[in-house]
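Worksheet: one structure, shown below.
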Amino acid sequence: MSAPRAESTAPQTDEKTTAFLRKTFREYYFRHHGDVEVPTMIESREFGYIPFGKGMIRHLSYNSPGDLAADLVKQAPSSVFCSNGTYSDPTLPMDEKGWKGAELIFDIDANDIPTTCRAKHSFWTCKDCGKIMRSAERPEHCSKCQGVSLVQLHWSCGVCLAAAKEQAGRLIGFLTNDFGVPNDRISVYFSGNRGYHLHVDDKRFEPLEPSARAQIANYIKGTGLVRPQGAEYTFAGGWAGRIATAGLGQSSKLEPAVAAFGSRIDESVTTDIHRIFRMPGTLHGNSGLLKARVHDLQAFKPEYDPVVLGDDEIEVSVRGSPAFTLRGRTFGPYSGEEATVPTYAAVYMMTKGLAQVLT
Ligand SMILES: [Zn+2]
Ligand SMILES: [Zn+2]
């Protein structure tokens, strides 16, 4: 069992900023709780959420979409999760829940893709004084207070997001071509921050143990791909087909083929049958962007389409931020300054611990 990937930067927010975030999320859920995608068999799912400024609460269950909606408005959590597994009693401790099965899920995070732009937006935050430093490698100490508790600020630019989209497209290719999953059984979502989530609604996968899911994940990543002794890849399907089509059939190394065709999924997500996964139609607590359903992957604009919060301008104090683009407008870079920005941009920085409500 594991909780969703936690951000390594625990945002340091003051009470006023936390209150602003909670109010903004509450207003969103008050108006849009009907857009939250409620899973099938809701009473068999485990739910969890992270309140602003606090730790995860899980092993919750709801009997109806109305109960869930009421709690979202009441709690206004920073992030909301639901199990891909179904259980006899989802509120019991994990080994007593009575696991019945789990949908196959995939996570692609831009942060796992070695884009060349990465060094340009590699930032580090000092946990002691909040100073933000740009450096490809971990700095030895904070340039302001000399402290050594530095955490990397995960950041993804348009190039990184496009690379994640490309990986998602490859994953869809594996699922449809190699595993015979019909296109309409694959739900594609923008994760709400830096990547894509895919949910597969295909009964064949639901009873699979973690070891079988690991084999699927490894196949898709191209992990452990070996060339049969003396063989050339000339077959029509699967990896062999991909390698032959690309003219790599006689190359002695397989790394180029893995780089060209493999999809960089996070296998720890796919193999975890007890995971609680961010709910589609909810806001991401480290961005304020929506985990949004993607109907057309090529046409989807990750810096535009999931921006759902309002554009009322508010004044913020920004400790520091790399430049970022949302809804067609570029903000920053900022370095220890005040700024007046739309609510969605203010929330984006506040949820990353980079800005505060101006007092
Ligand atoms: Zn410092
Ligand atoms: Zn980038």
Side-chain angles (χ1 to χ4, degrees), residues 5 7-14 17 107-171 190-197 259-260 262-266 284 286-289 292 294 297-298 300-307 317-338 344-345 348-356:
R5 183 199 312 245
E7 294 296 310
S8 57
T9 314
Q12 300 168 340
T13 46
D14 60 302
T17 301
D107 177 28
I108 290 169
D109 191 308
N111 213 51
D112 296 333
I113 306 168
T115 44
T116 51
C117 51
R118 191 146 295 284
K120 279 191 273 175
H121 51 75
S122 175
F123 290 84
W124 302 80
T125 315
C126 171
K127 280 175 92 174
D128 297 327
C129 75
K131 172 82 181 166
I132 290 167
M133 292 151 277
R134 188 165 86 175
S135 170
E137 304 297 328
R138 173 185 287 273
E140 278 184 20
H141 53 76
C142 170
S143 57
K144 186 174 167 195
C145 77
Q146 315 300 315
V148 291
S149 323
L150 303 175
V151 282
Q152 191 162 23
L153 173 65
H154 293 295
W155 201 263
S156 296
C157 69
V159 174
C160 294
L161 290 169
K165 184 193 267 194
E166 149 91 24
Q167 300 291 320
R170 293 182 190 184
L171 171 57
F190 177 64
S191 71
N193 198 12
R194 299 188 300 258
Y196 291 87
H197 291 170
S263 177
R264 290 174 180 272
I265 55 170
D266 179 346
H284 196 297
N286 291 103
S287 68
L289 304 180
V294 175
L297 186 63
Q298 292 320 313
F300 183 76
K301 300 196 286 291
E303 294 173 311
Y304 201 103
D305 298 339
V307 185
S317 158
V318 190
R319 287 194 314 184
S321 173
F324 61 98
T325 302
L326 290 176
R327 213 179 269 169
R329 204 172 140 185
T330 299
F331 302 92
Y334 300 109
S335 174
E337 59 196 279
E338 292 173 6
Y344 62 80
Y348 189 76
M349 292 189 285
M350 286 174 183
T351 50
K352 294 179 187 301
L354 305 177
Q356 299 182 337

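These numbers were taken from a predicted model, which means no experiment stands behind them. Worth knowing before you read on, the calculation uses all heavy atoms, side chains too, and leaves out hydrogens, waters and symmetry mates. Counting convention: from 1, in listed order, for ligands and their atoms alike.
To the nearest 10 degrees, the Zn ion (ligand 2) sees SG of Cys157 and NE2 of His121 at an angle of 110°. The Zn ion (ligand 2) lies at the vertex of an angle of 100° between the SG atom of Cys160 and the SG atom of Cys117 (rounded to 10°).
For Glu303, the side-chain contact (heavy atoms from CB on, under 4.5 Å) partners at least two apart in sequence or on another chain are Leu161, Thr325.
Between the side chain of Arg319 and the backbone N or O of Cys129, no donor-acceptor pair lies under 3.5 Å.
Closest approach of Leu150 to Arg138, counting heavy atoms only: O-NH1, 2.8 Å. The minimum heavy-atom distance linking Cys160 with Ser156 is given by the pair CB-CB, 3.8 Å.
Annotation: protein N, O or S atoms under 2.8 Å of the Zn ion (ligand 1) (waters excluded) comprise Cys126 SG, Cys129 SG, Cys142 SG, Cys145 SG.
Using the six-membered ring where Trp is involved, Phe300 and Phe190 have ring planes that are tilted, between 30° and 60° apart.
To the nearest 0.5 angstrom, Lys352 atom NZ is 12.5 Å from Phe123 atom CZ.
No side-chain heavy atom of Met349 sits under 4.5 Å from any side-chain heavy atom of Phe331.
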